[in-house]
Amino acid sequence: MSKNLTALAKRQGIDQTLFQELAIGEDSKSKAQRKALAKELLIGEAVVHGAASFYDFIDGDNANKKAYVCNGSSCLCADTQHNVKAKLTQHFAADDIGHVTCLGRCAQNSAFQINKENYSGNDIENLAEIINADNAKSSEHYYVESNLAQPILTAEINDVAQYYQVFSNAIAQFTVDELLQQITDSGLRGRGGAGFPTGFKWRSCRDVVGDEKYIVCNADEGDAGAYSDRYLLEQRPHAVLFGMLMAGYLSGAETGVLYIRDEYPQAIRTTEAAIAEFEALGLLKGMAFKFSFKIIRGAGAYICGEETALLRSIEGQRPLVSVRPPFPTQSGLFGCPTILNNVETFAPINFILSEGAQQYFALGNGKSTGSKLVSLDSSFAKPGIYEVAMGMPMLDLFAMAGGFSKPLKALHIGGPLGGVVPISALEKLTLDFESFAESGFLLGHASVIGLPEPLSMIDYIEHLFEFTAAESCGKCYPCKLGSVRGQEMVQDAIDGKQLLNRELLDDLLETMQLGSLCALGGGVPLPIQNILQYFADELKPFIAAKKPESEQSTSEQANV
Amino acid sequence: MSNLTADMMTNKVAFLNGVAHNIIADESVLDFSRRLEQNKQYDIPTLCDDNRLDAYGSCRVCSVDIALSADGPRKVMASCHTPIADGMHIFTNSTRVEKLRKNIVELVLSDHPDNCEECPSNNYCELQDVAVATGVREIRFGNAESRGKQSRDTLPEVSKDDAHPYMRMDLSLCIDCNRCVRACDEIQGEQVLSAVGRGFDSRIIKGQDVSFDDSDCVSCGACAQTCPTGAISDVFRANRMADAEKIRTICSYCGVGCNLEVSVKDNKILSIEAPKDAAVNAGHTCLKGRYAWRFYNHPDRLTTPLIRINDELTPVSWARAFEYLAERLLSIKNQHGSDAIAGISSARCTNEENYLLQKMIRVVLGTNNIDCCARVCHSPTAYGMQKSFGTGAATNSIDDIKHTEFIMLIGANPTAAHPVTGAKIKQKVMKGTPLIVIDPVETELARYAQWHIQLRPGTNVAVLNMMAYYIIDEGLVDMSFVDNRTEEYQSYHDAIMALNIDQLADISGVDKALVRDAAMAYAKANNAMSFHGLGVTEHSQGSRAIMCIADLTMLTGNIGRSGVGMNPLRGQNNVQGAADMGCQPHQGAGYFPVDTDENHRYYQEHYKAEMPKEVGYKIPEMFNAALAGDLKALWILGEDVVQTDPNQQHVVASLSNLELLIVQEIFLSETAKMADVVLPGTSFLEKSGTFTNGERRVQKVNAAVTPKVGCKTDGQIIVEMMNALGYQQADYQADTMLEEIAQVVPFFAGITWDNLGENGLQWPVAKNGKDTQILHLESFKRGLGRFHFYPFEESVEIEKNGAAFPYILTTSRNLEHYNCGTMTRRTGNGDIVNEDVLLVNHIDAQEKNITNDSQVRLFSARGEIVLKAQISDKVNQGILFTTFHFPELMINRVTGDVTDKHTKCPEYKVVSVGIEAV
């Protein structure tokens, strides 16, 4: 990151960011316009060009296409996209069709986008109608189920005014310190995957002195297979806004920024509408505390789901991962103290404050508490969003969804960087951070993709390396170089050019795991190692016999 | 970070490979390890680290194992961005981190050409060093035929760029450490570099992916200096040789005083870089210091003394030149008296040479007619600050920029004229430090300023008085400072409060609300620092404006501590030193006025000779005296007065009227062409001595090469002249000269050649060698600081010529060239900028039918020139701007005779002119 660019972006403020000028502005297309923009924002032309070139939908190969085919892992595993592409090709020139990694239509697959509308399932069969009609609606369907006596995240919000009354009541009844204590007591941990204690994060932001602070909601749900954040923004936006508002009040921030990925146009629209609804309520009228919301629309870069890359993205810098410390609570958006949480982390705040931290804490195993949304893809009989208590046995959860819809050899749980769990290992897993970690997997954002029996695991490894290579920000060497070299090695093995040198592959995975700056390069070795471990027989034909002289590996076991 | 020092050491300890060491708060694990790196086996290799840049964490080669207790679980972490902590255990060479490093470097090499022998950076390559250090011997990726995908396979043409006069790019060598991008941003603040794309295919770009030539690159070379491989380099890199001698010296362009490291082989200069440990410039410098040095052995160099015989400058021997000069000088002295002789010393020469010239003029020739170019630049600063504070020099150090919370910049364009200081200010301002710019031109820094007060040239006093008015009116005066440390406040207060603010706003053409906001912000800041340049001094009210700035610093108590003060940006490398050494007609070495009994005695005792007691001629008075026939002989050391002094016709007429004009020069300058005797001197690269920069830092100049054959160092020339005149002066040697100076100049008392060390000392230096970063700590040099009120007065130039010549021309320098360009025009800088252009506001251009890049006639009461116009709204309507670097143009044909009322500093900045399309 550049402290200069961060500070210069701060001068402009959230209402005029280089990123949004580039992503949705009309006056930033030509070289001359970008030169003028650079001059106006007091930054180098290279900064403008460098930022624009990073994103798929600004200067990338997928910018300005008429139709987009989803190439996310779920659609890939469901093997629906050849048909989608073929159908689209009947209506669009090949050059006018781009691709997009995961539209969050994993429950139905066959996902594509036309005119900023997403479609899935049978929609592709009505393509002519969709193209010809204005605002043709998708026939999307997915299940939303909960087995909780009192659902938290999936509960309907019938009366918005009453819902926000919880805020007014809470701040009238409790001190900031008491409210923060309630968040802490609830045991809520970040739902983006890392599971960081939310109360602790909010309090540390509160404790940092700063004239400006920000609340940022990470709605860049890029993990293929995950669509629970999309669900919340499309169906329960006020739950998210409420959590952000409360975070603002408790930390002293006056601005809440929602970074929503461009692949979720409906989520952007419903959130915009919810913000208008919130403003119309006039909840804060007459109060010293002010709070406003701002939506920042993504532009197609998976890495922006990484918190520091997301912040740099908003600031108009190239969204490369920044070193930590400083953590966002110390120096986040525009260098100001910032609370950055996932969509789902904000959503239960209303419940915690209205029903009590104990009610929330009572769900779960004491370490992972509350409820969790799980995204199940089309490999389940009843695919959809399931809200269950933390700690629930995974097999019970899957039973709720009617079991598998087809023969599966494994599940990929927790996004591309989550573990690949063989069916045999499911029995001992419960839905919490601890159980997954102990078994050598990762709960992550709790998305579940079924890997069907016919899927070739060497192909899936190649897919994981390819995804990482395509989405690597390119900053740290292990990820930037390792993902490409890994993909090449695997591709060569698939093509029969050269068998995999297992020692080299192990070295490469270790290098990425230990050396990478963020969870992308550091995380992708996990599912690959899972596959190497659990599907060794299937992979055997692709792996070279060990050379005798290199048998003695000198590697020291990670002692963590 | 490099600015961590031992005095920040804590009682806490961390363990490096099992051994406990005290830690410094906030240092990184890498800093900590490097600090304790006496034992080289713990050396942590890095590729993306440059300790002047923020930790970046891209290469990961600096990874170490870290545990929170000796036997606790270990975690691999990048040492460059992991802060050290109490009780931390660091293992720099565990098996797994050594393996990790090796594997990372193997990955890097898998995407790098393997033909080191053909690479211009062979043996100057950090990647090579790190590959050796980590023990990479084979690259296991890919098969025999191809080594897999190469990011360089898809490089566009622009990534191999060799069209620029200095800068070079070859991205096939790039390892994407982004040090160049970060140096361009974090050191120079230009952001010319970034990267395009993402992941494996991302690559470095300039501007919107154009060549160096087409980009906004300022050729500072920071990227080339930090590049670990030579992907970005410069035309000199290939010259470098492992066995070249490195000589540290000081740049002879502006007053920043950058340290330079000159690589020399066989008495030839190969390249110049900036030493990273330099206090002044920490590895940075500008395109003048780094690249504009090839004038030193340019074929135009003078190589023999010349005497005008039959109206032709004719080569003679040194012996004949001195014999001739002794005869002529003594004859003039005998016939017309000592005061018929004068000298102009050179701010480009060393302290020792300046000291010698004033000594020759005063002690040997017996007159106080000695002056230097400070006259035409910062003499008002010296005068005004002496009046207000007692010392005519910067109150603080450039390093204080780090600590200040507010900057006010008046009449200066440091990103062009003082690039390293300019870059430091820009860094600070980009990060949010508020800035006031008072300048008629929209300078680079004005773009970043919260308040740009774009006043009419010549109205500084009006605006500064307005500021004082608002500070007083808003009750923002630091009364405890005013009461305890100053005098004459009440009368000043009354005069200021009686001003008609609306009238002053009208006169200066500024928005009074803007001035009010700026004044209030300045007064409210905890620590505000002011900088000023020739835009303040080169005016008829130059000295008065200086005193007005001093008034503001005293009103707000911004004096006597870190991060505050009043700081002139001295224009030339040693203009501070030239005045310190007594090259002024009214004060001798050490600033003692020559005309009091006490001082007269002081100097006579020191020099053991008869001394003149009358104040001598200032430079403009020398010209007048020459024209009047009172001055007969003028000795000019390294100063091209014909090109640089105002009203060129007048200067030429004056010099023509002399009986004897002696010019010591390295090139046949416009002035040298008129001389009766020309003596070939040497450039800074061929001599030793000291320069004093704008923050009073006396630094060692070390000869990198021997004087060009036929030339002598300027100091030696003066010594031999003194000897020829019958005065015994020992040969020029930096150390012994400095010893003599230290006995005369009190603030040099503790300076010796040896104790100056690498980074010099800031005067005053006490006998015990202790130097001074900040002046006027407890009390002012003169006791109490003195307020001065002066009302605004219109320049005579405007009053006399304003009606007939309704535009105002103001002049300054650009980044690429230095003053009359004697040196820079003879380097690649001339390929970057090769002419002076006139900036014209678009409304004026329209009215006068002037189009972009067309020729225009610029004329004044003195003369006229024709030059190229550029339409630019960097200047307001009615204001014109140009530079004065090219003798082809001679901008000083149009400048005038008006001078500062107190110091006779010429008013270059306000010239009434007319303009028309040609």
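Lettering of chains follows the sequences in order, A, B, ..., and the numbering in each one begins at 1. In what follows, every heavy atom counts, from backbone to side chain, and hydrogens, waters and symmetry copies are set aside.
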Checklist entry - Between B:Ser110 and A:Arg485, does a side-chain hydrogen bond (donor to acceptor under 3.5 Å, both in side chains) hold up when you go through it step by step? => result CA-CA 9 Å; B:Ser110 79; A:Arg485 293 290 172 251; 2.7 Å; yes
Next on the checklist: If you count heavy-atom pairs within less than 4.5 Å of chain B, which of A:Lys39, A:Met1, A:Lys10 leads?
Outcome noted: A:Lys39
Next on the checklist: With a 4.5 angstrom heavy-atom cut-off, is it the side chain or the backbone of B:Leu107 that approaches chain A, or both, or neither?
Outcome noted: both
Checklist entry - When you look at B:Leu127 and B:Leu109, which way does the side-chain contact (heavy atoms from CB on, under 4.5 Å) test go after all the steps? => result CA-CA 9 Å; B:Leu127 179 58; B:Leu109 292 172; 3.9 Å; yes
Next on the checklist: Check this for me: does any side-chain nitrogen of one of B:Lys206 and B:Asp214 sit under 4.0 Å from a carboxylate oxygen of the other?
Outcome noted: no
Next on the checklist: Applying the salt bridge (Lys or Arg N to Asp or Glu O under 4.0 Å) criterion to A:Asp59, which one of A:Arg34, A:Lys29, A:Arg318 satisfies it?
Outcome noted: A:Arg34
Item to check | Per-residue contact mode, B:Asp209 against chain A (heavy atom under 4.5 angstrom) | outcome: both
Checklist entry - How about B:Thr226 and B:Asp50: does a side-chain donor come under 3.5 Å of a side-chain acceptor? => result yes
Item to check | Contact class of B:Val196 relative to chain A, heavy atoms under 4.5 angstrom | outcome: both
Checklist entry - Is it the side chain or the backbone of B:Val181 that comes within 4.5 Å of chain A heavy atoms, both, or neither? => result neither
Item to check | Residue selection (most heavy-atom pairs with chain A, distance under 4.5 Å) from B:Val61, B:Ile175, B:Asp216, B:Val210 | outcome: B:Ile175
Checklist entry - Of the listed residues (A:Met489, A:Gln491, A:Met512, A:Arg324), which shares the most heavy-atom pairs with chain B below a 4.5 Å separation? => result A:Arg324
Item to check | Contacting region of A:Val484 [heavy-atom separation from chain B under 4.5 Å] | outcome: side chain
Checklist entry - Counting heavy-atom pairs under 4.5 Å to chain A, which of B:Lys431, B:Met77, B:Glu106, B:Arg182 comes out on top? => result B:Lys431
Item to check | No-hydrogen, no-angle side-chain donor-acceptor test under 3.5 Å, A:Gln33 and A:Ser30 | outcome: yes
Checklist entry - Contact part of B:Cys80 toward chain A, heavy-atom cut-off under 4.5 Å: side chain, backbone, both or neither? => result neither
Checklist outcome for this item: Looking only at A:Cys473, A:Ala301, A:Pro319, A:Ala52, the option with the highest number of non-hydrogen pairs under 4.5 Å against chain B is A:Cys473
Item to check | A:Glu45/A:Lys31 ion pair, N-O < 4.0 Å | outcome: no
Checklist entry - Do A:Ser516 and A:Tyr477 have side-chain N/O donor and acceptor atoms under 3.5 Å apart? => result no
Item to check | Top contributor to chain B interface from A:Ser472, A:Ser483, A:Cys479 [non-hydrogen pairs under 4.5 Å] | outcome: A:Ser472
Checklist entry - Is it true that B:Asp54 and A:Lys3 make a salt bridge, defined as a side-chain N closer than 4.0 Å to a carboxylate O? => result yes
Checklist entry - If we ignore angles and hydrogens, is there a donor and acceptor under 3.5 Å between the side chains of A:Ser2 and B:Glu186? => result no
Next on the checklist: Below 4.5 Å, heavy-atom pairs only: which of A:Ala470, A:Gly60, A:Ala469 has the largest tally toward chain B?
Outcome noted: A:Ala470
Checklist outcome for this item: Pair count under 4.5 Å, heavy atoms only, with chain A: among B:Ser63, B:Cys59, B:Gly432, highest is B:Cys59
Checklist entry - With a 4.5 angstrom heavy-atom cut-off, which part of B:Ala195 approaches chain A: side chain, backbone, both or neither? => result both
Item to check | Greatest number of heavy atom pairs closer than 4.5 Å to chain B - which of A:Ser53, A:Ala38, A:Gly335, A:Ala7 | outcome: A:Ser53
Checklist entry - Which region of B:Gln450, side chain (C-beta onward) or backbone (N, CA, C, O), has a non-hydrogen atom less than 4.5 Å from a non-hydrogen atom of chain A, or is it both or neither? => result side chain
Checklist entry - Tell me, side chain or backbone of A:Asp56 under 4.5 Å from chain B's heavy atoms, or both, or neither? => result both
Checklist entry - For A:Ile303, is it the side chain, the backbone, both, or neither that has a heavy atom closer than 4.5 Å to a heavy atom of chain B? => result neither
Item to check | When B:Gly197, B:Gly57, B:Cys48, B:Ser202 are compared by non-hydrogen pairs under 4.5 Å with chain A, the top option | outcome: B:Gly197
Checklist entry - Is it the side chain or the backbone of B:Asp185 that comes within 4.5 Å of chain A heavy atoms, both, or neither? => result both
Checklist entry - Would A:Gln12 and A:Glu40 count as having a side-chain donor-acceptor pair, cut-off 3.5 Å? => result no
Item to check | A:Glu306 and A:Thr308: side chain donor to acceptor below 3.5 Å | outcome: yes
Checklist entry - Under 3.5 Å, is there a donor-acceptor pair linking the side chains of A:Ser322 and A:Arg312? => result yes
Checklist outcome for this item: chain A shares the most heavy-atom pairs under 4.5 Å, among B:Gln191, B:Arg198, B:Arg60, with B:Arg198
Checklist entry - Do B:Arg101 and B:Asn93 have side-chain N/O donor and acceptor atoms under 3.5 Å apart? => result no
Checklist entry - With only heavy atoms counted, which part of B:Leu47 is less than 4.5 Å from chain A, the side chain, the backbone, both or neither? => result side chain
Checklist entry - Which answer fits A:Glu471, side chain, backbone, both or neither, if we ask what part of it has an atom under 4.5 Å from a heavy atom of chain B? => result both
